[in-house]
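To start, the structure under review is shown below, and the notes come after it.
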Amino acid sequence: MSAGGNIIALSGGVGGAKLALGLAACLGPAQLAIVANTADDFEHLGLSICPDLDTVMYTLAGLADPERGWGLAGETWQCMDALAALGGEDWFRLGDRDLATHLQRSLLLARGEGLAAVTARLCASLGVRHTLIPMSEQRVRTVLDTDRGELAFQTYFVRERCAPRVQAIRYLGADAAVPSAALLARLDGADGVIICPSNPWLSVDPILAVGDLRARIAASRAVAVSPIVGGRALKGPAAALMEQLGLTPSALEVARHYRGLLRGFVMDREDAAQADAVRALGMDVLVTDTVMTDAASKARLAAEVLEFLSGLRA
Ligand code: FO1
């Protein structure tokens with residue numbers, strides 16, 4: 001990238017991690033920090049599980065399973081099988097090698113280390129050179145009000161396979177939480193913030209809800225990449241969720257959701273007809289191919305987004 005050596009990317013899990021990997025191919029470790037959502041985190045089987053942090057970490061380490069997007073490639077499931085045989089909870093699949101991450105993280109947290117420090121340690125051990133930061137040290141948890149009652153995020157997402165109809169989403173603890181110190185330090189004087197194509201309601205909003213982060217990001221130079229292409233979600237329940245919340249699944253509706261926050265919006269060629277309506281919201285628009293299928297398309301989209309960002313009004 002021509003201008004700017006301090007870029008912050010906000011990411012959820014699988015979809016966001018793809019662009020994060022592309023950005024990591026374009027920017028050096030000192031130039032890029034990736035902030036992951038931690039409102040999907042939960043305590044399960046006595047362990048501290050941080051799915052989005054781990055998805056980004058494994059992706060950057062080149063260890064992620066390419067089909068699932070989460071967890072490790074070449075994983076085995078003996079522990080889960082043994083747990084199931086004992087009548088234990090096996091709906092949340094923790095692979096044998098992935099379990100080592102959760103054991104080590106849980107141990108270090110129990111010893112009193114903060115989540116950012118533990119994440120940095122795990123990343124270093126796996127050879128991840130770019131900075132990965134949890135959005136906050138404090139506990140924030142996404143809870144969904146659904147037609148089957150109040151559900152914790154992973155219960156809704158994994159156990160119930162996103163089947164319950166969502167009426168409202170809350171990020172418990174977000175008001176009282178403060179952004180990670182490493183994030184605040186980076187945000188001060190950042191050249192730009194990139195919101196990866198993650199689910200705006202389930203993955204990005206929890207980050208924006210932390211303390212005064214939304215206002216800080218609005219005051220920076222921020223762009224978002226639409227996770228909705230041609231009315232469909234690239235991954236996960238975003239389109240269905242939008243319908244349940246009374247919104248039309250479209251890139252334009254995602255842009256409306258981020259109104260007041262962004263200087264620029266990146267949307268797919270398939271949605272080019274909506275570009276003028278997005279511009280009318282006060283954002284510059286980049287229309288390009290946003291579907292990332294391989295390393296080359298991730299790096300190409302990342303380079304285009306960085307170029308777009310550097311060309312925006314300061
Ligand atoms: N997602 C699933 O759909 N099923 C699983 O069993 C599952 C296990 C899992 C284990 C570790 C991990 O880091 C992630 C895991 N995920 C699983 C993904 C994860 O729950 C979601 O993709 C994110 O929370 C949403 O971003």
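Numbering of ligands and ligand atoms starts at 1, following listing order.
Ligand 1 has no nitrogen or oxygen under 3.5 angstrom from a nitrogen or oxygen of His102.
A continuous path of Ile, Leu, Val, Met, Phe, Trp and Tyr side chains, each step under 4.5 Å between heavy atoms, connects Phe92 with Leu45, placing both in one hydrophobic cluster. The same ILVMFWY cluster, assembled from side-chain heavy atoms under 4.5 Å apart, contains both Leu281 and Ile217.
Of the protein's non-hydrogen atoms, the one nearest atom 22 (O) of ligand 1 is Phe157 CE2, 3.7 Å. Closest protein heavy atom to atom 16 (N) of ligand 1: Trp70 CD2, 3.4 Å.
Using a 4.0 Å cut-off between charged nitrogen and carboxylate oxygen, Arg141 and Glu43 count as a salt-bridge pair. Salt bridge absent: Glu113 and Arg105 never bring a charged side-chain N and a carboxylate O closer than 4.0 Å. Salt bridge annotation for Glu243-Arg165: absent, with no cationic side-chain nitrogen under 4.0 angstrom from a carboxylate oxygen.
Interface of Gln154 with ligand 1, defined as ligand atoms under 4.0 Å from a residue heavy atom, comprises 20 (O), 24 (O). Residue-ligand proximity, Asp40 to ligand 1, at heavy-atom distances under 4.0 Å covers atoms 23 (C), 24 (O), 25 (C), 26 (O). The distance from ligand 1 to the heavy atoms of Trp91 drops below 4.0 Å at these ligand atoms: 6 (O). Which parts of ligand 1 touch Phe153 is read off a 4.0 Å heavy-atom cut-off, strictly below it: atoms 24 (O). Here is the list of ligand 1 atoms found below 4.0 Å of a heavy atom in Asp52: 23 (C), 24 (O), 25 (C), 26 (O). Applying the 4.0 Å criterion to heavy atoms of Arg93 picks out, from ligand 1, the atoms 5 (C), 6 (O), 8 (C), 9 (C), 10 (C).
Grouping Ile, Leu, Val, Met, Phe, Trp and Tyr residues whose side-chain heavy atoms lie under 4.5 Å apart, directly or via other members, places Val229 in a hydrophobic cluster with Leu234, Val291.
In this structure, Leu47 CG and Phe42 CZ are separated by 9.5 Å, a value rounded to the nearest 0.5 Å.
When only modelled atom types and interatomic distance are considered, Asp98 and Tyr58 share a side-chain donor-acceptor pair under 3.5 Å.
The option with the heavy atom closest to atom 12 (C) of ligand 1, from among Cys50, Pro51, Ser11, is Pro51.
For the ligand labelled ligand 1, residue Asp98 lies inside the 4.0 Å heavy-atom shell.
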